[in-house]
Amino acid sequence: MTVTLDRPADTRTRDPKQLLNAVQPRIQHLTVNVLDSGMSLWDREVSLLLRDHTMVRDMAERILGNAVMYTIGCMEHPEVHLGVGKLVDIGVHQLILDTPVWWALCDVYNEGRYKHHAPFIERRRDGLCLRTADFLASIGFAVDEELWAIDGAECSPCDNKVPDSH
């Protein structure tokens with residue numbers, strides 16, 4: 001007897017490393033700084049995280065991967081209110097700070113529109129992080145549940161009312 005498992009046709013796993021590296025041809029500014037190292041964008045952002053934060057490479061990659069998932073999820077689904085915890089937000093800020101890469105992400109995944117970063121001062125405490133992780137999983141990302149659970153009840157203070165703001 002043969003057993004086959006049916007997978008929904010629209011289910012897909014999306015690799016954040018591939019999605020980040022895919023924007024490399026769209027880098028338009030400061031290309032000497034960004035591209036002349038010969039590194040992929042993934043390796044560049046991981047190296048910058050390691051330069052600025054005390055962590056091992058595995059953790060930097062986990063944080064960056066989930067930050068890419070979150071960023072792309074926000075850009076592709078502006079109608080859904082998403083939020084990120086303190087740990088994954090380290091990776092989101094890394095992407096935002098590397099402005100040539102951020103512009104390229106906006107170009108590719110946000111239809112060319114700049115995605116602003118306009119946080120409130122107070123953090124939210126309504127479980128938005130856990131709901132965000134569930135949403136990201138529903139659109140094909142393999143979220144690192146441990147990273148999202150760490151801040152599950154205390155999320156980023158992002159404003160869902162500011163147009164195109166994370």
Side-chain angles (χ1 to χ4, degrees), residues 7-29 31 33-35 37-117 119 128-152 155-156 158 164-166:
R7 279 182 87 179
D10 62 342
T11 299
R12 58 190 170 143
T13 300
R14 303 169 71 192
D15 180 4
K17 185 175 183 177
Q18 290 177 354
L19 293 168
L20 179 58
N21 285 335
V23 307
Q24 189 160 335
R26 302 294 264 283
I27 302 288
Q28 300 174 22
H29 309 284
T31 56
N33 298 37
V34 178
L35 303 177
S37 68
M39 295 177 155
S40 68
L41 292 184
W42 178 266
D43 287 333
R44 173 183 167 76
E45 299 309 314
V46 168
S47 294
L48 289 169
L49 282 170
L50 291 172
R51 182 195 72 187
D52 295 338
H53 301 279
T54 304
M55 65 179 78
V56 296
R57 184 173 181 91
D58 176 66
M59 181 57 80
E61 289 183 343
R62 290 171 65 192
I63 289 170
L64 180 61
N66 282 266
V68 169
M69 293 176 209
Y70 169 76
T71 298
I72 291 175
C74 288
M75 289 178 176
E76 291 179 344
H77 298 277
E79 76 284 1
V80 179
H81 189 197
L82 303 174
V84 67
K86 291 178 185 179
L87 193 54
V88 175
D89 207 25
I90 293 169
V92 174
H93 287 144
Q94 176 52 55
L95 294 170
I96 293 169
L97 288 172
D98 200 355
T99 58
V101 174
W102 185 251
W103 275 96
L105 282 163
C106 292
D107 188 34
V108 173
Y109 299 109
N110 202 41
E111 299 176 355
R113 294 181 316 270
Y114 184 76
K115 185 82 165 166
H116 294 280
H117 180 57
L128 181 61
C129 286
L130 297 176
R131 292 192 304 278
T132 297
D134 290 342
F135 177 78
L136 295 176
S138 79
I139 61 170
F141 289 113
V143 298
D144 186 327
E145 293 179 18
E146 186 177 40
L147 292 184
W148 291 90
I150 288 170
D151 297 311
C155 299
S156 64
C158 296
D164 237 355
S165 173
H166 129 71

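Not counting sequence neighbours, the partners of D43 by the salt bridge (Lys or Arg N to Asp or Glu O under 4.0 Å) test are R57. For the salt bridge (Lys or Arg N to Asp or Glu O under 4.0 Å) test, residues two or more places apart in sequence or in another chain that qualify with E111 are R113. When the side chain to side chain contact (heavy atoms under 4.5 Å, CB included) test is applied to R131, the partners found at least two apart in sequence or on another chain are R124, D126, L128. For R26, the salt bridge (Lys or Arg N to Asp or Glu O under 4.0 Å) partners two or more places apart in sequence, or in a different chain, are D107. Among residues two or more places apart in sequence or in another chain, the ring pair (Phe, Tyr, Trp, His ring centres under 6.0 Å) test is passed with H53 by none.
Separating the CG atom in L64 from the CD1 atom in I90 is a distance of 12.0 Å, to the nearest 0.5 Å. Separating the CG atom in L19 from the CG atom in L105 is a distance of 9.5 Å, to the nearest 0.5 Å. A distance of 5.5 Å separates CG of N110 from NZ of K115, quoted to the nearest 0.5 Å. Note that OG of S40 is 7.0 Å distant from CD of Q24, once rounded to the nearest 0.5 Å. Note that CG of L95 is 6.5 Å distant from CG of L20, once rounded to the nearest 0.5 Å. Rounding to the nearest 0.5 Å places CD of E45 at 13.5 Å from NZ of K17.
Side-chain contact between L147 and M59 is present, with at least one heavy-atom pair separated by less than 4.5 Å. D144 is not listed as a side-chain neighbour of M69, based on a closest heavy-atom distance of 4.5 Å or more. Within the 4.5 Å cutoff, side-chain heavy atoms of L48 are placed close to those of R51. No side-chain heavy atom of D52 sits under 4.5 Å from any side-chain heavy atom of L97. Inter-residue side-chain proximity for R14 and I72 is flagged as met; some heavy-atom pair is nearer than 4.5 Å. Considering only heavy atoms from C-beta on, T71 comes within 4.5 Å of W102 through its side chain. Between I150 and V88, every side-chain heavy-atom pair lies at or beyond the 4.5 Å cut-off.
A salt bridge (charged side-chain N to carboxylate O under 4.0 Å, His left out) check over residues 91-101, counting only residues at least two apart or in different chains, returns the pairs R44-D98.
At distances below 3.5 Å, at least one donor-acceptor pair connects side-chain atoms of S138 with backbone N or O atoms of F135. Proximity of a side-chain donor or acceptor of N21 to a complementary backbone N or O of W42 within less than 3.5 Å is detected. Of the possible donor and acceptor atoms, one in the side chain of T132 sits under 3.5 Å from a partner among the backbone N and O of G83.
Between W148 and Y70, the two ring planes are tilted [angle within 30° to 60°].
The minimum heavy-atom distance linking L136 with G73 is given by the pair CD2-CA, 4.0 Å.
Tested against C74 for a side-chain contact (heavy atoms from CB on, under 4.5 Å), the candidates V84, L82, V92 yield a single pass: L82.
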